[in-house]
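Worksheet: the structure to be examined is printed underneath.
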Amino acid sequence: AYVIGANCIDVTDRACLDVCPVDCIYVGERKSYINTNECIECGACEPECPVDAIFVDRKARGDESKAVFVTDSIAFFEQTLPGRDAPLGDPGGAGTVGDLGVDTPMVARY
Ligand code: F3S
Ligand code: F3S
């Protein structure tokens, strides 16, 4: 699966959003998050990010600074985020929910 890491925080360039064929990149407040259930792993987003924030999860093996974002990206969709009453789950496209305006606790305090 593809994952967005630390470099996206406070940048959120959004170039990745334009190329994702399944609209599975969701915008939080300080960072964007790929829904790994919805991502078809086409890889189109990876070269588009100007700060190289996107990586494939197998590259996170043995690299804790990346691995935390693999876990955190799953948490973004599975946990009830601050200010929301239910987990986001798999909405079927970021366009259906718009910008979320909230981050995981880890990203919020990063
Ligand atoms: Fe973030 Fe890069 Fe996309 S900064 S919003 S991952 S283009
Ligand atoms: Fe979209 Fe990137 Fe996955 S373009 S389908 S999030 S690999």
Side-chain angles (χ1 to χ4, degrees):
Y2 282 77
V3 176
I4 298 177
N7 288 2
C8 181
I9 296 173
D10 295 333
V11 177
T12 54
D13 179 87
R14 295 172 180 256
C16 58
L17 305 179
D18 295 336
V19 299
C20 180
V22 295
D23 192 28
C24 70
I25 306 175
Y26 294 75
V27 180
E29 186 178 10
R30 301 180 62 197
K31 180 184 178 289
S32 297
Y33 305 78
I34 294 172
N35 182 307
T36 54
N37 293 331
E38 296 175 350
C39 172
I40 58 171
E41 305 194 5
C42 71
C45 54
E46 187 181 12
E48 295 301 315
C49 177
V51 292
D52 290 330
I54 305 174
F55 59 90
V56 66
D57 62 356
R58 66 185 136 75
K59 290 206 177 146
R61 261 177 233 149
D63 182 343
E64 189 59 22
S65 68
K66 282 189 165 76
V68 290
F69 284 95
V70 176
T71 308
D72 188 69
S73 296
I74 294 167
F76 183 77
F77 297 94
E78 292 186 351
Q79 290 182 358
T80 299
L81 298 170
R84 298 184 66 91
D85 53 15
L88 200 55
D90 304 328
T96 65
V97 292
D99 290 5
L100 281 312
V102 64
D103 291 302
T104 57
M106 186 192 91
V107 168
R109 66 173 179 261
Y110 198 83

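Both backbone and side-chain heavy atoms feed into the values below; hydrogens, waters and symmetry mates do not. Counting starts at 1 for both ligands and their atoms, following the listed order. Sequence positions, counted from 1, serve as the residue numbers for this chain.
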Whether F76 and Y33 hold their rings parallel, tilted or perpendicular, with breakpoints at 30° and 60°: parallel
Numbered atoms of ligand 1 (with element) below 4.0 Å of A15, judged on heavy atoms: 7 (S)
Nearest non-hydrogen protein atom, atom 3 (Fe) of ligand 1: C16 SG, 2.3 Å
Residue pair R30 / C8, side-chain heavy-atom distance below 4.5 Å: no
CA sep, side-chain torsions, deciding dist, call: R84, V102, side chain to side chain contact (heavy atoms under 4.5 Å, CB included): CA-CA 9 Å; R84 298 184 66 91; V102 64; 4.2 Å; yes
Identity and distance of the protein heavy atom lying nearest atom 7 (S) of ligand 2: G43 N, 3.2 Å
Nearest-neighbour protein heavy atom for atom 6 (S) of ligand 2, which is reported as residue plus atom name and distance: C24 SG, 3.4 Å
S32: numbered ligand 1 atoms lying under 4.0 Å from its heavy atoms: 5 (S)
For V22, atoms of ligand 2 separated by under 4.0 Å from a heavy atom: 5 (S)
Steps toward side chain to side chain contact (heavy atoms under 4.5 Å, CB included) verdict (C16, I54): CA-CA 9 Å; C16 58; I54 305 174; 3.8 Å; yes
Test: D72 and K31 ion pair at under 4.0 Å: no
N, O or S from C39 under 2.8 Å to atom 3 (Fe) of ligand 2: yes
Those atoms of ligand 2 less than 4.0 Å from some heavy atom in I40: 5 (S)
Subset of ligand 1 atoms that lie under 4.0 Å from at least one heavy atom of V51: 4 (S)
Side-chain donor/acceptor of D103 to backbone N/O of E29, under 3.5 Å: yes
Top protein contact for atom 2 (Fe) of ligand 1, by heavy-atom distance: C49 SG, 2.4 Å
Atoms of ligand 2, numbered as shown, that sit under 4.0 Å from any heavy atom of C45: 2 (Fe), 4 (S), 6 (S), 7 (S)
Minimal non-hydrogen separation, V51 against N7, with atom names: O-ND2, 2.8 Å
Closest protein heavy atom (residue, atom, distance) for atom 1 (Fe) of ligand 1: C8 SG, 2.4 Å
Intermediate values then yes/no, salt bridge (Lys or Arg N to Asp or Glu O under 4.0 Å), D63 and R58: CA-CA 10 Å; D63 182 343; R58 66 185 136 75; over 6 Å; no
Donor-acceptor side-chain pairing of D10 and Y110 below 3.5 angstrom: no
Least distance between heavy atoms, C45 atom then V19 atom: CA-CG2, 3.8 Å
Closest approach of any protein heavy atom to atom 4 (S) of ligand 1, naming residue and atom: D13 N, 3.4 Å
Part of I25 with heavy atoms under 4.0 Å of ligand 1, whether side chain, backbone, both or neither: neither
For C42, the ligand 2 atoms whose distance to one of its heavy atoms is below 4.0 Å: 4 (S), 5 (S), 7 (S)
Short N/O/S contact of C20 with atom 2 (Fe) of ligand 2 (below 2.8 Å): no
Sub-4.0 Å heavy-atom approach of E48 to ligand 1: no
Atom of V3, atom of F69 and distance for their closest heavy-atom approach: CG1-O, 3.5 Å
